[in-house]
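These values consider heavy atoms only, across backbone and side chains, with no hydrogens, waters or symmetry-generated copies.
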Amino acid sequence: MKKIVVVGSLNMDHISKVDHIVREGETIIASDFSRSPGGKGANQAYAVGRLGGDIVMLGAVGDDEDGASLLSSLKSVGVDTSGVMICPDAPTGVAQISVDKAGNNTIVVVPGANMEVDTSYIDAHRSVIDASDIVIMQLEIPIDTVVYTARLAKTMGKYVILDPAPAIPDLPEEIYRYVDLLKPNETELCILAGMSLDDGDYTEKISVIRKKGASNLLVSLGSEGVLVSLHGREDRLIPGRKVTAVDTTAAGDCFVAGLAVKLAGGCDVVDAVDYAQKVAAISVTRRGAQRSVPNPEEID
């Protein structure tokens, strides 16, 4: 199996269970609170490890209890964390998550040590990227670092997957040239394309992204499924799996991990998407981020 490296964020999730998502100016009482290892980068690395992938994590945590907990969680599923930077002067990142009765969520991230993942850190770990085959990134570390890493990985001939979350409207267009597979959800697609949900259809928005340089996109549409748009192939919608969701917090991260594991094993993208949907569907039936990730036996 090919080797995977995740370059991204590590956060401690602070999760509040609420009746509904809070509105502007409103104060509500949560019915439950918990802390759980998270961060999009760490979630994806953890899920890859849990699914049996050969995985390395690159990122940063603070020299604190949260950082130690995050590293311990990753190590428990075989993730190589030897390259993760421990920062004495910055706290571990925190994500404040509210989950309503339907399983929908809102997330506010306080980056902390994640902002210390700069280009010099990447240069110091070039050998890790060079030894890997698939490079996965998100947008919870500095954007300059994401672009720099994608460019470096592409010059090394690596397969680059970008989960553009949290999406920003001014993402440097240069990065699209270095990304082999872009995986936005519906909202992120609209932000990247500079269009609203009501502006045109998915085809128009994908066309805008393609003009910026992207070749292959997987657009996750929640329960509707995944729109697969690959260069030289007809777009197709792979229907979602019907489950009762209780918490969608790490569904996208589980999807990316399942996708990467299957690609690392030599699967075609479409077959990898089918597996990734199974992983994500199981994860939303459980609460939490990393603890919601299924093991391979549950999927097969």
Side-chain angles (χ1 to χ4, degrees), residues 4 6-9 13 38-53 55 77 79 95 97 103-105 107 134-140 159-167 179-189 192 202 206 214 216-230 236-265 267-296 298-300:
I4 303 168
V6 171
V7 183
S9 58
D13 291 346
K40 293 194 70 64
N43 289 345
Q44 290 170 8
Y46 180 95
V48 170
R50 178 96 164 143
L51 296 170
I55 176 69
V77 291
V79 179
I97 304 172
N104 300 310
N105 65 68
I107 304 174
I134 297 174
V135 179
I136 302 174
M137 288 182 292
Q138 323 77 34
L139 302 181
E140 290 184 337
Y159 189 90
V160 180
I161 299 174
L162 177 64
D163 180 1
V179 173
D180 294 285
L181 198 56
L182 184 71
K183 195 228 66 83
N185 63 24
E186 180 182 21
T187 300
E188 292 153 2
L189 179 69
L192 295 176
Y202 298 126
I206 289 172
N216 303 302
L217 294 90
L218 301 179
V219 184
S220 54
L221 305 174
S223 60
E224 291 182 41
V226 176
L227 181 60
V228 180
S229 182
L230 305 177
R236 60 180 291 187
L237 177 67
I238 300 180
R241 297 177 177 273
K242 304 302 180 183
V243 297
T244 300
V246 299
D247 185 356
T248 61
T249 300
D253 299 330
C254 287
F255 179 92
V256 170
L259 181 78
V261 166
K262 282 300 178 182
L263 292 176
C267 276
D268 176 77
V269 172
V270 173
D271 292 334
V273 167
D274 182 65
Y275 179 82
Q277 283 187 306
K278 293 179 184 178
V279 178
I282 294 173
S283 76
V284 302
T285 65
R286 303 168 177 175
R287 299 197 183 280
Q290 294 177 16
R291 60 188 170 194
S292 73
V293 181
N295 60 49
E298 294 177 276
I299 303 161
D300 298 332

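With sequence neighbours left out, Glu224 forms a side-chain hydrogen bond (donor to acceptor under 3.5 Å, both in side chains) with no residue at all. In this structure, Gln277 has no side-chain hydrogen bond (donor to acceptor under 3.5 Å, both in side chains) partners at least two apart in sequence or on a different chain. Remark: Pro166 engages Leu139, Glu140 in a side-chain contact (heavy atoms from CB on, under 4.5 Å) (not counting sequence neighbours). Not counting sequence neighbours, the partners of Asp180 by the side-chain hydrogen bond (donor to acceptor under 3.5 Å, both in side chains) test are Lys154. Looking at residues two or more places apart in sequence or on another chain, you find a side-chain contact (heavy atoms from CB on, under 4.5 Å) between Val77 and Tyr46, Arg50, Val79. Not counting sequence neighbours, the partners of Ser220 by the side-chain hydrogen bond (donor to acceptor under 3.5 Å, both in side chains) test are Lys183. Every side-chain contact (heavy atoms from CB on, under 4.5 Å) that Ala165 has, sequence neighbours left out, goes to Lys40, Asp163, Glu188. With sequence neighbours left out, the salt bridge (Lys or Arg N to Asp or Glu O under 4.0 Å) criterion links Asp271 to no other residue. By the side-chain contact (heavy atoms from CB on, under 4.5 Å) test, Val261 is found to be paired with Met1, Val48, Leu51, residues two or more places apart in sequence or in another chain being considered.
In this structure, the side chains of Tyr159 and Val135 stay at 4.5 Å or more apart for every pair of heavy atoms. Residues Asn43 and Val293 have side chains not in contact (no heavy-atom distance under 4.5 Å, counting atoms from C-beta outward). Contact check for Ile282 versus Ile299: side-chain heavy atoms found under the 4.5 Å cut-off. Residues Val279 and Leu259 fail the side-chain proximity criterion, which asks for heavy atoms closer than 4.5 Å.
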- Query: Please walk me through it: do Leu182 and Leu218 pass side chain to side chain contact (heavy atoms under 4.5 Å, CB included)?
  - Reply: CA-CA 6 Å; Leu182 184 71; Leu218 301 179; over 6 Å; no

- Message: Would Ile134 and Ile161 count as a side chain to side chain contact (heavy atoms under 4.5 Å, CB included) here? Give the steps.
- Response: CA-CA 7 Å; Ile134 297 174; Ile161 299 174; 3.9 Å; yes

- Task: Output, in order, the C-alpha distance, side-chain angles, deciding distance and verdict of side chain to side chain contact (heavy atoms under 4.5 Å, CB included) for Val269 and Leu263.
- Result: CA-CA 7 Å; Val269 172; Leu263 292 176; 4.0 Å; yes

- Item | Stepwise side chain to side chain contact (heavy atoms under 4.5 Å, CB included) check, Gln138 with Leu162 | CA-CA 6 Å; Gln138 323 77 34; Leu162 177 64; 5.7 Å; no

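Closest heavy-atom contact between Asn105 and Ile97: CB-CG2, 4.2 Å. Ile107 and Ala95 get closest at one heavy-atom pair: CG2-CB, 4.1 Å. Closest approach of Ala47 and Cys254 over heavy atoms only: CB-CA, 4.5 Å. The two residues Ile206 and Ser229 come nearest to each other via the heavy atoms CG2-OG, 3.6 Å. Between Val228 and Leu230, the closest heavy-atom pair is CG1-CG, 3.6 Å. Nearest heavy atoms, Ile136 versus Gln44: CG2-OE1, 3.1 Å.
When atom types are taken as modelled, the side chain of Asp253 and the backbone of Val256 share no donor-acceptor pair closer than 3.5 angstrom.
Rounding to the nearest 0.5 Å places CG of Leu227 at 9.5 Å from CD1 of Ile238. Once rounded to the nearest 0.5 Å, the distance linking CG of Asp268 with CG of Asp274 reads 11.5 Å.
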